[in-house]
Amino acid sequence: MSGPFDLVLRNARVATASDCFNADIGIQAGRIIQIGASLPKGVHEIDAAGRVVTPGGVDAHCHLDQPMAPPVRMADDFDTGTRSAACGGTTTVIPFAAQEKGQSLRAAVDDYHRRAAGKAHVDYAFHLIVSDPTPEVLQHELPALIAEGYTSFKIYMTYDDLKLDDGQILDVLSVARAHGAMAMIHAENADCIEWLTKRLEAAGRTAPRFHALSRPMLVEREATHRAISLAELVDVPILIVHVSGREAVEQIRWARAQGLQIYAETCPQYLFLTAEDLGLDDGYHGARCVCSPPPRDRSNQEVIWNGLRDGLFTVFSSDHAPFNYDGTEGKKPGGAEQPFRHIPNGIPGLETRMALLYSEGVLGGRITLEKFVELTATHPAKAYGLHPRKGTIAVGADADLVIWDEGERVIRNADLHHAVDHTPYEGRRLRAWPAVTLIGGDVVWDGQFHPRPGQGRFQACGAPSLWPRR
Ligand code: URP
Ligand code: ZN
Ligand code: ZN
């Protein structure tokens, strides 16, 4: 006699953001309906004996098939990007519907839905990128989209085609406050970067490694402080994305000490790369690691580890921004090596995010398993209004789960499932990798990828649940 379960995960070492315990997990119609000892037999069974089972990852910062200024193109669309997510233990992604200046936000969202349609293998929600906060956007479009489930948006303080000035940021933050949305801020001072870039160019210093010198910690520190001040003026929580090192962390700690609700995200590149990965000489190979903010140095990596351990960081995201090194208009736009100003910013990381943090964080003794779950799944789901359907192992939650294999594995781009021709982590030794990824109770990865194009469902987001309702 079988129980009411389509699937039972048996003898799991269940890890949530608050507890680790041994249990069976009973799944029906894509959801967890029971957690307990000795559950009745299911139609299907997976024996997880002795293995850790975590919630599927929620990667709350990744870029897929985002329109770029020609000729630049992203390598991953919703097919290849979500395929690599699934194989790396991520079951929900939140990429960006980016408004071009002059475009309506609604048009950007409609276009992005078309890009995802029929392709996504994992569930997905959208952040918005607000680059043109016209009165129509501020008064009508943005409030309407928030009500429809697009409850977070990114504000850029840099990049000519995306950046907002302080007055515009205040306007957009006011909408976040009025409608209970989450504002994510890319904090780098655009004018300082431009001034430094021109000086470097005038001195003939245009190799990829000079990208790091054009965006020193100071430009991130100043913009982080300014973003905090603008949020304080409006009295609204914000989340600072891709924090790279000590001086920005200090600003966030200071703000928290004042009682301000400043949340923060960091990414694998600030734990596992340094500015040296952009090159020690003027060769072009370092273009692979050009991203913003740039990776810093080993002492800054330690500051980021401390922030992950002690709660400074709310979420750990990949900031997957997939550009090929060779061909198809990635890191060599126009088919040739370019001065660093023209190298597309961003590195791939969707598939390696979870395993890197599990290996070096949990198995390296730096963070607890509960903290790993909080950073990679529970808090991202709470920050963007997807919890408790996503990001936890609980009765009623979607059966999005990862069974972990602890054992040595070496990262090889040839083994990854994105469409990017490199990984910045080539040759790096890991201590764990997802053995099985389940989405809504379906096995999507078990050492083989089981495609389910179009079965990844759009998730309308609710209000962030990191803070009490106002
Ligand atoms: O260099 C990066 N981070 N590229 C992706 C876009 C962004 O600002 O997050
Ligand atoms: Zn950014
Ligand atoms: Zn990004």
Side-chain angles (χ1 to χ4, degrees), residues 59-69 72-76 81 85 90 93-100 112 125-131 152-164 169 172 182-190 193 197 208 211-212 214-215 219-220 223-224 227 238-245 248 263-273 275 277-278 286-296 304 315-325 330-331 333 338 340-350 353 380 383-384 418 420 422 424:
D59 195 336
H61 185 158
C62 54
H63 303 267
L64 299 176
D65 200 11
Q66 195 173 309
M68 297 277 114
V72 173
R73 283 187 15 222
M74 285 197 167
D76 279 320
T90 287
V93 294
I94 318 183
F96 295 84
Q99 178 197 28
E100 285 172 38
Y112 214 45
F126 295 164
H127 303 296
L128 309 173
I129 291 174
V130 182
S131 69
S152 50
F153 40 81
K154 185 168 176 189
I155 295 168
Y156 281 86
M157 299 171 87
T158 185
Y159 298 137
D160 286 344
D161 50 344
L162 295 172
K163 72 180 181 205
L164 304 187
I169 294 174
V172 178
M182 174 65 97
M184 311 158 73
I185 306 209
H186 179 136
E188 288 184 295
N189 181 312
I193 294 167
T197 300
H211 172 81
S214 74
R215 306 175 99 100
V219 310
E220 187 182 346
T224 301
I238 54 168
L239 188 146
I240 314 270
V241 293
H242 43 48
V243 172
S244 73
Y263 299 96
E265 171 201 80
T266 194
C267 313
Q269 47 270 39
Y270 307 117
L271 295 175
F272 301 109
L273 301 179
D277 289 297
L278 275 70
R288 292 180 178 86
C289 294
V290 165
C291 61
S292 295
R296 306 295 178 185
I304 299 296
V315 297
F316 185 74
S317 310
S318 68
D319 193 6
H320 180 85
F323 298 105
N324 277 316
Y325 180 70
K331 294 287 184 178
Q338 298 289 346
F340 71 82
R341 177 198 282 278
H342 301 298
I343 299 172
N345 284 198
I347 62 173
L350 250 174
R353 173 187 74 121
Y384 303 114
H418 58 199
V420 190
H422 65 277

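Every number for a ligand or one of its atoms is a count from 1 in the order of the listing. Please read these numbers as outputs of a predicted model, since none were measured by experiment. Counting from 1, the numbers follow the sequence of the chain as shown.
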Students should be able to answer this: which protein heavy-atom is nearest to [atom], and at what distance?
atom: atom 1 (O) of ligand 1; result: Ser292 N, 2.7 Å
atom: atom 3 (N) of ligand 1; result: Asp319 OD2, 2.7 Å
atom: atom 4 (N) of ligand 1; result: Asn345 O, 3.1 Å
atom: atom 8 (O) of ligand 1; result: His186 ND1, 3.0 Å
atom: atom 6 (C) of ligand 1; result: His63 NE2, 3.5 Å
atom: atom 9 (O) of ligand 1; result: Lys154 NZ, 2.9 Å

Next item on the list: May I ask you to check whether Cys62 brings an N, O or S atom to under 2.8 Å from the Zn ion (ligand 3)?
Entry: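 Coordinating: no.
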
List ligand 1 atoms under 4.0 Å from [X], heavy atoms only on the residue side.
X: His61; result: 9 (O)
X: Tyr159; result: 1 (O), 8 (O)
X: Cys291; result: 1 (O)

Check: Does some side-chain heavy atom of Val241 sit less than 4.5 Å from a side-chain heavy atom of Lys154?
Finding: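 Side-chain contact under 4.5 Å: yes.
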
Hey, is the main chain of [Y] close enough, under 3.5 Å, to the side chain of [X] for a donor-acceptor pair?
X: Lys331; Y: Val290; result: yes
X: His127; Y: Ala60; result: yes
X: Ser131; Y: Gln99; result: yes
X: Gln338; Y: Pro333; result: yes

No-hydrogen, no-angle side-chain donor-acceptor test under 3.5 Å, [X] and [Y]:
X: Asp59; Y: His320; value: no
X: Asp319; Y: His63; value: yes
X: Arg341; Y: Thr197; value: no

Item checked: Metal site the Zn ion (ligand 2): N/O/S of Val241 inside 2.8 Å ->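 Within the cut-off used here (under 2.8 Å), Val241 places no N, O or S atom near the Zn ion (ligand 2).
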
Next item on the list: Using 2.8 Å as a strict upper limit, say whether an N, O or S atom of His61 approaches the Zn ion (ligand 2) that closely.
Entry: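 His61 does not place any N, O or S atom closer than 2.8 Å to the Zn ion (ligand 2).
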
Check: Name the one of Asp65, Asn324, Leu64 that satisfies side chain to side chain contact (heavy atoms under 4.5 Å, CB included) with Asp76?
Finding: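 Answer after filtering Asp65, Asn324, Leu64: Leu64.
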
Note to self: So if I apply the side chain to side chain donor-acceptor pair (under 3.5 Å) rule between His242 and each of His186, His61, Gln269, Glu265, which one comes out positive?
What the structure shows: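 Between His242 and the candidates, side chain to side chain donor-acceptor pair (under 3.5 Å) is satisfied uniquely by His186.
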
Check: What N/O/S atom of His242 is the closest to the Zn ion (ligand 2)?
Finding: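 Within His242, restricted to N, O or S, the Zn ion (ligand 2) is closest to atom NE2.
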
Check: Relative to the Zn ion (ligand 2), which of the N, O or S atoms in His186 is the closest?
Finding: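 Of the nitrogen, oxygen and sulfur atoms in His186, the Zn ion (ligand 2) lies nearest to ND1.
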
Check: Where on Ala321 is there a heavy atom closer than 4.0 Å to ligand 1, on the side chain, on the backbone, on both, or on neither?
Finding: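 The side chain, only.
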
Margin query: Checking one value in my table: which N/O/S atom of Asp319 lies closest to the Zn ion (ligand 3)?
Written below: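 Asp319's closest N, O or S atom to the Zn ion (ligand 3) is named OD1.
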
